[in-house]
Amino acid sequence: MEIPYTKMHGLGNSYIFLDLFHFSIEEEMLADLAVQAANVHTGIGSDGLILIHPTDNADVGMRIFNKDGSEGKNCGNGLRCVAKFAYENNLVNKPQFIIETKAGNVTAEVFHEGDKVEEVTIDMGVPDLLRQEIPMRGKDNGRVVGESFEISHHPLEVTAVSMGNPHAVFFVDKIEEAPLYELGPMITNDSRFPEGVNVEFVEIVSEKEMHFRVWERGSGVTQACGTGACAAVVASILNGYSQKNTETCVHLSGGDLFIKWAADDHVWMRGKAELTTQGTFYWKRKS
Ligand SMILES: N[C@H](CCC[C@H](N)C(=O)O)C(=O)O
């Protein structure tokens, strides 16, 4: 099957995008297509698959599938790429518009030079902070801020934030010493997170700056995670390391994102979105 695709990335967090305004594909194919397209050896190579689709609920819709074929509910880097694609391909006719996600609608604004979008700002909405909203198992139903979280004999402290998808944030003294590869795969599948979890390690540099690494649910270590960067800034403020209504620079492996948790509780994300290539994926559907 010939699949027309566009590959884009947000700070190196790359996805294969399908434009379902001009192409259709059966629902039951999506998980296997995501796994095969993401395969760097026999496919195109990415952190997953994203659908840009028509919807009655917004200007455009986004669905995201991780590298393992699991469907996520939100994707910050993906949203900036969807916004870029929608504007540059005339799926929308204004620089500010609404994108539907499985976690609800968000507002995107593109900043363009000529007909090319260089940077996108997304209002990611209000984070969910109560234990059962993450979701996370535990004794009470309040917020999870600096809670003891022992794993593999490591006495950690976790702050849990949902941006429509679950995040477990851990603060470390030096980002280069974060146990990302050792504990990332354990925590992401830990039974305390019934739907799994994205795992972030953060080193605070100042009130307005942090270093960040991530083990993503369903994709492993990625160069960047937009919802994760939002969760990290919210967690930093909840722990008293940063302030609300102040734009914080998050240094991810693939570059910088600028995040603000505003006084009205909305989280704003600002960053780049870039086109890598377009082509045809000759997909051999598993029988
Ligand atoms: N792995 C995530 C989805 C992708 C999120 C990330 N790539 C971003 O930019 O927010 C999940 O299963 O919730």
Side-chain angles (χ1 to χ4, degrees), residues 7-17 30-31 34-35 37-38 45-52 62-85 99-104 106 108 119-125 127-128 133-136 160-169 180 184-185 187-190 193-202 212-235 250-259 267-274 276:
K7 181 173 179 179
M8 294 183 278
H9 70 90
L11 307 185
N13 184 208
S14 67
Y15 290 91
I16 305 305
F17 292 78
L30 294 172
V35 172
S46 72
D47 296 318
L49 177 77
I50 286 183
L51 310 180
I52 302 170
M62 177 190 79
R63 289 178 67 188
I64 183 256
F65 293 80
N66 293 307
K67 190 185 285 188
D68 68 355
S70 63
E71 183 169 7
K73 290 185 177 170
N74 204 359
C75 181
N77 290 316
L79 279 166
R80 297 198 313 280
C81 293
V82 167
K84 173 185 176 70
F85 184 93
I99 305 175
E100 176 192 273
T101 77
K102 287 267 185 176
V106 299
E119 187 175 85
V120 182
T121 294
I122 309 267
D123 173 359
M124 296 292 285
D128 290 316
E133 295 172 328
I134 303 302
M136 183 179 180
V161 176
S162 171
M163 294 304 299
N165 59 349
H167 296 271
V169 182
L180 182 65
I187 298 168
T188 197
N189 292 315
D190 189 276
F193 297 99
E195 294 178 8
V197 71
N198 298 287
V199 184
E200 286 89 16
F201 291 97
V202 173
F212 170 103
R213 295 292 181 270
V214 61
W215 181 285
E216 283 200 29
R217 176 180 64 173
S219 291
V221 173
T222 61
Q223 290 290 296
C225 179
T227 51
C230 294
V233 172
V234 169
V250 181
H251 299 301
L252 304 99
S253 303
D256 294 344
L257 276 178
F258 300 89
I259 309 292
V267 179
W268 293 80
M269 171 187 64
R270 174 170 67 87
K272 291 185 177 179
E274 297 178 72
T276 302

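The figures that follow rest on heavy atoms only: side chains count, while hydrogens, waters and symmetry mates do not. Read the numbers this way: they start at 1 and go in the same order the structure lists the ligands and their atoms. What you see is a predicted model; the values in this text were computed from it and never measured.
- Taking SG of Cys225 as the reference point, atom CE of Met163 lies at 10.5 Å (rounded to 0.5 Å).
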For this session: Walk me through it: do Val221 and Leu180 pass the test side chain to side chain contact (heavy atoms under 4.5 Å, CB included)?
Result: CA-CA 8 Å; Val221 173; Leu180 182 65; 3.7 Å; yes
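- Judged purely by atom type and a 3.5 angstrom limit, Asn66 has no side-chain atom pairing as donor or acceptor with the backbone of Gly48.
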For this session: Check the pair Ile50 / Cys75 against side chain to side chain contact (heavy atoms under 4.5 Å, CB included), numbers first and verdict last.
Result: CA-CA 9 Å; Ile50 286 183; Cys75 181; 4.2 Å; yes
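- Taking CG of Asn74 as the start and CE of Met124 as the end, the distance is 4.5 Å to the nearest 0.5 Å.
- Closer than 4.0 angstrom to ligand 1 by heavy atom are Asn13, Tyr15, Ile64, Asn66, Asn74, Cys75, Gly76, Asn77, Asn165, Asn198, Glu216, Arg217, Cys225, Gly226, Thr227, sorted by chain and number.
- Proximity of Leu30 to Leu51: side-chain heavy atoms (C-beta onward) are separated by under 4.5 Å at one or more points.
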